[in-house]
Amino acid sequence: MTPTKTNHTMKTSHLLCKLLAALVLPLFASTAVPAAETVQARLTVHADAAGPRIDPDVYGQFAEHLGEGIYGGLWVGPESKIPNVRGWRKDVVQALRQLGVPVVRWPGGCFADDYDWRDGIGNPKKRPARLNRWWGGAESNRVGTHEFMDLAEQLGAEVVIAGNMASMTPKAMSHWLEYMTGEGRSALTDERRRNGRDKPWKVKYFGIGNESWGCGGNMRPEFQADLHNLYATFLSNGPKRVASGDGQANDHLIEVLMQRSLPHMDALTLHYYTLPTGDWATKGQATGFDADSWAKTIRIAKDIEKRITTIKAIMDKHDAAKRVALYVDEWGTWFDPAPGSKRGALYQQNTLRDAMVAAVSLNVFHRHTDRVRMTNIAQMVNVLQAMVLTDGPRMLLTPTYHVFDLYKPFKGATPLKAEISGPTFRRGDSELPMVEASVAKTADGKTVIALANLDPERPARVATGLRGVVQGRVLTAAAMDAHNTFDRPQTIAPAPYRAEPGADGLTIELPAMSIVVVTTAP
Ligand code: AHR
């Protein structure tokens with residue numbers, strides 16, 4: 001980080017970083033990196049749009065009945081001592097409201113492939129407990145449709161209902177939709193009213209199956225496409241109908257869905273997880289990694305762009321008008337559990353590296369708005385790349401949360417063509433551009449710029465040629481695996497950032513391992 005004469009906030013941030021480094025370095029000595037020379041880079045922003053506006057739903061999230069994702073993390077029950085509104089914890093909901101979560105996907109994932117919606121309605125005391133087939137333990141069904149829809153309303157979010165195409169009949173699926181959204185009088189809408197909800201809810205998206213190539217039924221693409229059409233037939237004139245798509249780099253599946261199911265779907269999906277090793281048998285740890293793992297993880301995250309590009313090319317052959325969208329309805333990091341962890345399934349820490357994965361992924365989504373109109377990071381609380389971690393009554397915001405917070409101005413903005421020229425860096429077998437960028441024009445005419453310095457050692461100075469003052473925030477830390485703990489929840493948090501143009505225009509200073517998001521001043 002090199003503070004300039006005109007950059008007072010960065011000076012303060014610099015001092016804060018030093019202080020932070022003094023506090024944090026002893027804790028994370030294994031992954032701390034030495035100071036190095038500042039590197040020059042250039043950002044060129046073009047006035048023309050790089051695609052349609054960024055749909056705010058690109059900032060969606062995923063909440064599955066898994067580990068401590070729902071129970072404990074979000075839901076504590078109305079009788080809990082932890083402050084709650086009708087069972088949903090106030091602290092977590094408030095933090096998520098602050099983010100402006102546009103849409104939540106529920107109830108799974110693989111959980112959805114075995115879920116019977118009837119288990120989750122009616123008198124909570126009479127709801128059956130079921131074994132959670134995929135993630136272990138018992139599912140009490142205390143949280144069902146009414147409770148989840150209440151959460152969505154408390155968050156002000158739209159919903160993606162993930163329907164079970166593996167073990168629920170088309171009739172049961174269409175009944176669930178009628179129960180939720182039916183307006184007139186019918187046995188199902190009357191039952192909803194008896195269960196406490198008069199007004200129909202809005203279901204914006206309905207997922208027809210999940211990972212049909214795996215936990216959703218191990219289907220052949222051809223069989224899945226036929227089945228999709230059957231189920232979709234009974235969900236017409238309602239929500240956007242979403243076909244379960246790729247998660248195994250299977251081009252044939254996309255081809256078959258586009259050939260056989262085009263009239264019966266509004267979108268198909270991609271699941272893309274970032275494993276530091278790229279190997280499901282030994283995924284790698286969330287903390288305590290080296291610079292090679294840092295670089296490889298970010299490279300794998302960035303590779304989602306290759307997959308999206310390939311899928312788009314197949315979709316384009318069948319749908320030149322781009323009517324059908326590509327929803328990345330599961331994405332994020334997936335690590336091995338911490339040794340000796342007693343936390344719920346798929347609980348993992350979240351570090352500055354996760355923040356980088358979030359930033360580069362969102363940048364990719366901004367570059368493909370012609371098809372990518374909704375995504376759901378996996379997952380919301382206590383599971384995989386979570387926004388929030390909880391421990392009994394305590395909670396913390398993760399570095400990923402902070403990236404979503406920093407990136408808020410991008411929601412609904414129009415992406416602009418932007419090029420970065422500058423050096424690359426190499427660690428192990430991964431070579432990456434040092435600086436990543438995304439630029440967009442907001443509805444009120446401001447320019448929002450996100451810059452990430454992926455290099456674990458070298459600061460960067462990015463010349464922009466822009467003339468105005470910019471302000472926003474920077475997220476950085478002294479260690480690659482800096483993270484927040486329940487005792488130190490502010491170890492990594494954004495700091496204010498402001499820069500004024502010098503004689504050569506606006507220059508943005510990026511500390512090593514930092515994400516800066518700024519907008520032009522009004
Ligand atoms: O997000 C965890 C799991 O990952 C989901 O249940 C499944 O759809 C995917 O394999």
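All ligand and atom numbering here is 1-based and tracks the order in the structure.
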Peer 1: Which atoms from ligand 1 have a heavy atom of Gln379 less than 4.0 Å away?
Peer 2: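 Those qualifying, in numeric order: 1 (O), 2 (C).
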Peer 1: Report, in ascending order of atom number, the atoms of ligand 1 lying under 4.0 Å from any heavy atom of Glu211.
Peer 2: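 Matching atoms, with element in brackets: 7 (C), 8 (O), 9 (C), 10 (O).
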Peer 1: Considering only NZ, NE, NH1 and NH2 on the basic side and carboxylate oxygens on the acidic side, decide whether Asp113 and Arg133 come within less than 4.0 Å.
Peer 2: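 No, Asp113 and Arg133 are not salt-bridged.
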Peer 1: Between Arg220 and Asp226, does any NZ, NE, NH1 or NH2 come within less than 4.0 Å of an OD or OE carboxylate oxygen?
Peer 2: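 Salt bridge flag = no for Arg220 with Asp226.
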Peer 1: Could you tell me which atoms of ligand 1, counted from 1 in the order shown, lie closer than 4.0 angstrom to a heavy atom of Asn210?
Peer 2: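 Reading through ligand 1 atom by atom, the close ones are 8 (O).
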Peer 1: At under 4.0 Å between heavy atoms, is it the side chain or the backbone of Trp331 that contacts ligand 1, or both, or neither?
Peer 2: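 Within the 4.0 Å criterion, Trp331 makes no contact with ligand 1.
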Peer 1: To the nearest 0.1 Å, how far is atom 1 (O) of ligand 1 from its closest protein heavy atom, and which atom is that?
Peer 2: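 It is Tyr273 OH, 2.7 Å.
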Peer 1: I'd like to know if Arg307 pairs up with Asp251 as an ion pair, taking the criterion as any Lys NZ or Arg NE/NH1/NH2 lying under 4.0 Å from an Asp or Glu carboxylate oxygen.
Peer 2: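 Salt bridge present between Arg307 and Asp251.
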Peer 1: State the atoms of ligand 1, each with its element, that fall below the 4.0 Å cut-off from a heavy-atom position in Glu330.
Peer 2: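 Here the atoms of ligand 1 in question are 1 (O), 3 (C), 4 (O), 5 (C), 7 (C), 8 (O), 9 (C).
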Peer 1: Hey, is Arg473 close enough to Asp405 for a salt bridge, meaning N to O under 4.0 Å?
Peer 2: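 The answer is yes: the pair qualifies as a salt bridge.
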Peer 1: In ligand 1, which numbered atoms sit nearer than 4.0 Å to a non-hydrogen atom of Leu384?
Peer 2: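 Every atom of ligand 1 under 4.0 Å from some heavy atom of Leu384: 1 (O), 2 (C).
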Peer 1: Under 3.5 Å, is there a donor-acceptor pair between the Tyr115 and Asn210 side chains?
Peer 2: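 No, Asn210 and Tyr115 have no side-chain donor paired with an acceptor closer than 3.5 Å.
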Peer 1: Any donor-acceptor pair under 3.5 Å linking the side-chain atoms of Asp329 with those of His271?
Peer 2: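 There is such a pair (donor and acceptor under 3.5 Å, judged by atom type) between the side chains of His271 and Asp329.
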Peer 1: Could a heavy atom of Phe111 be found less than 4.0 Å from some atom of ligand 1?
Peer 2: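 Under 4.0 Å: no for Phe111.
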Peer 1: Looking only at heavy atoms of Phe62, does any of them come nearer than 4.0 Å to an atom of ligand 1?
Peer 2: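 Phe62: in contact with ligand 1 (<4.0 Å).
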Peer 1: Scan side-chain atoms only and decide if Trp331 and Ser361 contain a donor-acceptor pair under the 3.5 Å cut-off.
Peer 2: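 Checked: Trp331/Ser361 side chains show no N/O donor-acceptor pair below 3.5 Å.
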